[in-house]
Number of protein chains: 2
Amino acid sequence: MHVVIARCTVDYDGRLTAHLPEAVRLLMVKADGCVAVHADGGAYKPLNWMNAPNTLTIEQADGESAEHETAQVWHVRSPKGEQLTITVHEVLAEMDHEMGIDPGLVKDGVEAHLQELLAADPTSIDDGFRLVRREFPTDIGPVDLLCRDTDGVAVAIEVKRRGEIDGVEQLTRYLDFLNRDPMLRPVRGVFVAQEIKPQARVLAEDRGIGCVVVDYDELRGIESDELKLF
Amino acid sequence: MHVVIARCTVDYDGRLTAHLPEAVRLLMVKADGCVAVHADGGAYKPLNWMNAPNTLTIEQADGESAEHETAQVWHVRSPKGEQLTITVHEVLAEMDHEMGIDPGLVKDGVEAHLQELLAADPTSIDDGFRLVRREFPTDIGPVDLLCRDTDGVAVAIEVKRRGEIDGVEQLTRYLDFLNRDPMLRPVRGVFVAQEIKPQARVLAEDRGIGCVVVDYDELRGIESDELKLF
DNA sequence: GTGTACATATCGCAT
DNA sequence: ATGCGATGTGTACAC
């Protein structure tokens, strides 16, 4: 990892073109060759960047350039033809350090957990729901949960952390395919999420898809309560 | 901007919980208070982070902690109740620098520009197109452009930098809703992008949606040519 | 403030 | 490679 604080101007030409006028910024070059230009604010996203793989060549200023206060020009090029040019006018601080490979991150609390909890107790979606299968396969991908309701009617369930329009589209596609299967037909749909956006709800209801909002912590509570009973 | 390279362990508890085992990483604290933990690879996204606003308190190790090799514990807390805890075992390098406010980024070539250019001259999509409205509202969100063709028929236009299947789905939804309005019906659709992926084109054509590929530089050229006429 | 769509999104997985 | 889904998405813009 190489870190430089420098007064610089930056130009990117690739998927779009962008220009950064002269200012003091942090330049970060990682071991895999990716480069990021950070301002002193604005969350974690850099102003400009180039992902690996790419090649970095640093052109030292010759005499004439030095007159124009240019110390270095960094050329970062990717195989796809993207290009980032950093003109370094002045280096204010610098740091270099070996870091080794990171052991990586352990996460908890994402959609998979929500799906597990609902699979363990589908009645938390609607009374009498019985699980047929998790990740029920269709030609266009697996449905999160397939259940049957009290009347024995098949119910396809799409689980999301945040319910937005895309999720309704996804469930609609699954329903289209599931309803071609004479063994399953008719299949109705239920959209389950911790939060459902109004426009997603409009679209879902317009298509006869039910909407259920669930609480992750509450589900986890119910789950642990039920475990206590055994 | 404060930058530290340190052997550390990291725990995040907020929208999810996550843990990073001990390793050498770069810690970045920006002037606005946001904090990022970077590994020496993996593009520009940090392993963990906390966006502004938040408060950072650094707890120096007391004697007992020092026995366990802990030098500092950083507590980052956001008003939303998210929390990032960085246990610093050893500081390997450090850097601190004032950078001032960044003058900001000038971008060119994003969808908004494309939409502006097309709104200014819809005939670059098809001869005789007249603009009715940009961001024409529907119950499920705004359509990029609504035009009328030479026959006075309404045309909904979805603009994308890169035309993929999602964009066709989006336009299809708008068309479904627009075609319920007796004042507009019938509404046809045109999908406009700098590049249209083959599968997106197949889907669009299957649904009777037209596809138009436009060249950004050329549009800008036409635009400046027309400006010259005035 | 809320809600929606865009992003040089990134990232991972399956085909 | 391409498509598709998830992300602690983040961010700007409209209502």
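Order of the sequence lines fixes the chain letters, A, B, ..., with proteins taken first and strands second; residue numbering starts at 1 for each chain.
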Intra- and inter-strand pairs of DNA chain C in dot-bracket (Watson-Crick or G-U wobble, both distances under 3.5 Å; | for another strand): |||||||.|||||||

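- Nucleotides of DNA chain D nearest to Lys160(A) and Ala200(B) differ in position, and the one nearer the 5' end is that of Ala200(B).
- Among the nucleotides dA7(C), dT4(C), dG8(D), the one closest to any side-chain atom of Glu82(B) is dG8(D).
- Checking Lys30(A) against His38(B) by side-chain atom types alone, a donor-acceptor pair falls below 3.5 Å.
- Of the residues in residues 131-143 of chain B, those placing a heavy atom less than 4.0 Å from an atom of DNA chain C are Ile140(B), Gly141(B), in numerical order.
- Between Lys107(B) and Lys197(A), it is Lys197(A) whose nearest contact on DNA chain C lies nearer the 5' terminus.
- Considering every non-hydrogen atom in both Tyr174(B) and Thr138(B), the closest pair reads CD2-OG1, 3.9 Å.
- For Lys107(B) against Leu16(A), the heavy-atom pair with the smallest separation is CD-CD2, 4.3 Å.
- dG8(D) and dC6(C) are spaced 22 Å apart, taking the P atom of each and rounding to whole Å.
- The closest side-chain donor-acceptor pair between Lys160(A) and Gln170(A) falls under 3.5 angstrom.
- At a threshold of 4.0 angstrom between heavy atoms, the contacts of Gln83(B) with the nucleic acid are absent.
- We find the CG-CD1 distance between Leu26(A) and Ile5(A) to be 5.0 Å, quoted to the nearest 0.5 Å.
- The CG atom of Asp166(A) sits 17 Å away from the P atom of dG3(C) (whole-angstrom rounding).
- Checking dG3(D), dA5(C), dT8(C) against the side-chain heavy atoms of Ile165(B) singles out dG3(D) as nearest.
- In this structure, the NE2 atom of His113(B) is 15 Å from the P atom of dC6(C), given to the nearest Å.
- The separation between Asp144(B) atom CG and dA12(D) atom C1' is 15 Å, rounded to whole Å.
- We find that CD of Glu111(B) is positioned 16 Å from P of dA12(D), with the value rounded to whole Å.
- Across all strands shown, Glu164(B) has no heavy atoms under 4.0 Å from either base or sugar-phosphate atoms.
- In the model, Arg162(B) has no side-chain atom that pairs as donor or acceptor with a side-chain atom of Gln194(B) under 3.5 Å.
- Among all heavy-atom pairs drawn from Gly163(A) and Ala193(A), the shortest one is N-CB, 3.6 Å.
- For His38(A) and dG10(D), the NE2 to C1' distance is 14 Å, given to the nearest whole Å.
- Whole-Å rounding puts the Glu169(A) CD to dA5(C) C1' distance at 14 Å.
- Distance noted for atom P between dT4(C) and dT8(C): 22 Å (whole Å).
- Of the N and O atoms on the side chains of Asp108(B) and Tyr216(B), at least one donor lies less than 3.5 Å from an acceptor on the other residue.
- The side chain of Gln170(B) approaches dC6(C) more closely than any other nucleotide in the set dC6(C), dT4(C), dT8(C).
- Residue Ala156(A) comes nearest to Val143(A) through the heavy atom pair CB-CG1, 3.9 Å, listed as atom of the first residue, atom of the second, then distance.
- When all heavy atoms of Ala39(B) and Leu47(B) are compared, the pair lying nearest together is CB-CD1, 3.6 Å.
- To the nearest angstrom, C1' of dG8(D) lies 10 Å from CZ of Arg162(A).
- Residues from residues 40-57 of chain B that place a heavy atom under 4.0 Å from any atom of DNA chain C, listed by number: Gly42(B), Ala43(B), Tyr44(B).
- Comparing dG3(C), dT8(C), dG5(D) by their nearest atom to the side chain of Tyr174(A) picks out dG5(D).
- We find that CZ of Arg15(A) is positioned 14 Å from C1' of dC6(C), with the value rounded to whole Å.
- Checking Val159(A) against Gln199(B), the closest nucleotide of DNA chain D that is more toward the 5' end is the one next to Gln199(B).
- Scanning all heavy atoms of the two residues, the minimum distance from Asp40(A) to Met1(B) falls at OD2-N, 2.9 Å.
- Separation of atoms CD1 (Ile196(A)) and CD1 (Ile165(A)) is listed at 12.5 Å; rounding is to 0.5 Å.
- Using a 4.5 Å heavy-atom cutoff, the side chains of Leu175(A) and Thr172(A) are not in contact.
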